[in-house]
Amino acid sequence: MSDGQLPTRERILETSLRLFSEKGYLGATTKEISAESDVAEVTLFRHFPSKESLFQEVLSAYTFLPTLKGIMPSVEVMPYEKALAEIARRFIETLKLRRDLIKIMHSECHLYPEKIKSIQHSFLAEMLSILADFFASRRKKGNLRNFDEFLAARLFLGMFYQYFITSEVFGLKILANYDDDSVIEGYVNIFSRGTRK
């Protein structure tokens, strides 16, 4: 490995992220990914047995899921509203960072084979489960009212995802007079009032 060059696996993943973001899952080919990663296609398949498994690894490395897992230990000990605001802030940051990938996935997701849809669903389900566990933990401490934690997790992330999609993907400035911080503060305030005892 030459100076400053990423290890092969990481190089393939970074190239895949870029090409999936530019051309979509359907448009980016393993031949193109291997060429731009400066590896033989057979080397790519040694690291990732299929294009689907490569896509799965890209989602594992670059979506909100690893960020959410990473921040949960510190979020668990924060006051409730502060914890919600931190999750929301990091979620929006990740969405903006992956704007191109999300945009192209939105445009082509109806064409995806079932295997790819299933990979996407499993990542979303894991994120929702982590957040649902957070709500369950707070409820056991007596802070929150009784509600369906999984639905609450979907509602919470859904609010911020819709805010991102509306403004960043569709370019609609419905909340033009609000910056991210004020949207986070307002949404968290409404959500926490509905879930606190």
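Excluded from the calculations below are hydrogen atoms, water molecules and symmetry mates; all remaining heavy atoms, backbone and side chain alike, are included.
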Go through it in stages, so that I can follow the logic: the residues are Phe20 and Asp100, the test is side chain to side chain contact (heavy atoms under 4.5 Å, CB included), and I'd like the CA-CA distance, side-chain angles, deciding distance and then a yes or no.
CA-CA 9 Å; Phe20 286 147; Asp100 292 342; over 6 Å; no
Residues 185-197 vs side-chain hydrogen bond (donor to acceptor under 3.5 Å, both in side chains), sequence neighbours excluded, gives Tyr80-Thr195, Glu81-Ser192, Glu81-Arg196, Asn189-Arg193
Angle between ring planes, Phe147 versus Phe135, binned at 30° and 60°: parallel, tilted or perpendicular?
perpendicular
Hydrophobic clusters here meaning ILVMFWY residues chained together by side-chain heavy-atom distances under 4.5 Å, can you tell me if Leu101 and Leu97 are in one?
no
Please answer: with hydrophobic residues joined when any side-chain heavy atoms are less than 4.5 Å apart, are Ile116 and Leu111 in the same cluster?
yes
Can a donor-acceptor pair be found, under 3.5 Å and without considering hydrogens, that links the side chain of Ser16 to the backbone of Ile12?
yes
Using atom types as modelled and distance alone, determine if a side-chain donor or acceptor of Arg98 lies under 3.5 Å from a backbone N or O of Tyr62.
yes
Could you check whether atom NZ of Lys117 has more than 12 heavy atoms from other residues, nucleotides or ligands sitting under 6.0 Å from it?
yes
Would one find more than 12 heavy atoms of other residues, nucleotides or ligands at under 6.0 Å from atom CZ of Arg154?
no
For Tyr163, does its backbone N or O pair with a side-chain atom of Thr166 as donor and acceptor, under 3.5 Å?
no
Determine, stepwise, if the pair Glu149 / Asp133 fulfils side chain to side chain contact (heavy atoms under 4.5 Å, CB included).
CA-CA 7 Å; Glu149 293 95 356; Asp133 289 345; over 6 Å; no
Counting neighbours of NZ on Lys141 that are heavy atoms of other residues, nucleotides or ligands and sit closer than 6.0 Å, is the number greater than 12?
yes
Check whether any side-chain N or O of Thr94 sits under 3.5 Å from a backbone N or O of Arg90 as a donor-acceptor pair, and report yes or no.
yes
Would Ile130 and Leu155 show up in the same hydrophobic cluster when neighbours are defined by side-chain heavy atoms closer than 4.5 Å?
yes
Donor-acceptor pair, side chain of Arg11 and main chain of Val39, under 3.5 angstrom:
no
Less than 4.0 Å between a side-chain N and a carboxylate O, is that true for Lys96 and Asp180?
yes
Donor-acceptor pair, side chain of Lys23 and main chain of Thr29, under 3.5 angstrom
no
About how many Å separate CD1 of Ile71 and CD of Glu76, when rounded to the nearest 0.5 Å?
10.5 Å
Side chains of Glu36 and Thr15: any donor to acceptor distance under 3.5 Å?
no
Can you measure from CE (Met105) to NZ (Lys103) and round to the nearest 0.5 angstrom?
15.0 Å
Closer than 3.5 angstrom, by distance alone: can the side chain of Thr63 be matched with the main-chain N or O of Ser60 as a donor-acceptor pair?
no
Step-by-step side chain to side chain contact (heavy atoms under 4.5 Å, CB included) determination, Asn143 to Arg139:
CA-CA 5 Å; Asn143 303 117; Arg139 191 167 51 77; over 6 Å; no
Pick from Phe164, Tyr161, Phe160: which one makes a side-chain contact (heavy atoms from CB on, under 4.5 Å) with Ile92?
Phe160
With no hydrogens and no angle check, just 3.5 Å: does a side-chain donor-acceptor pair link Glu126 and Ser122?
no
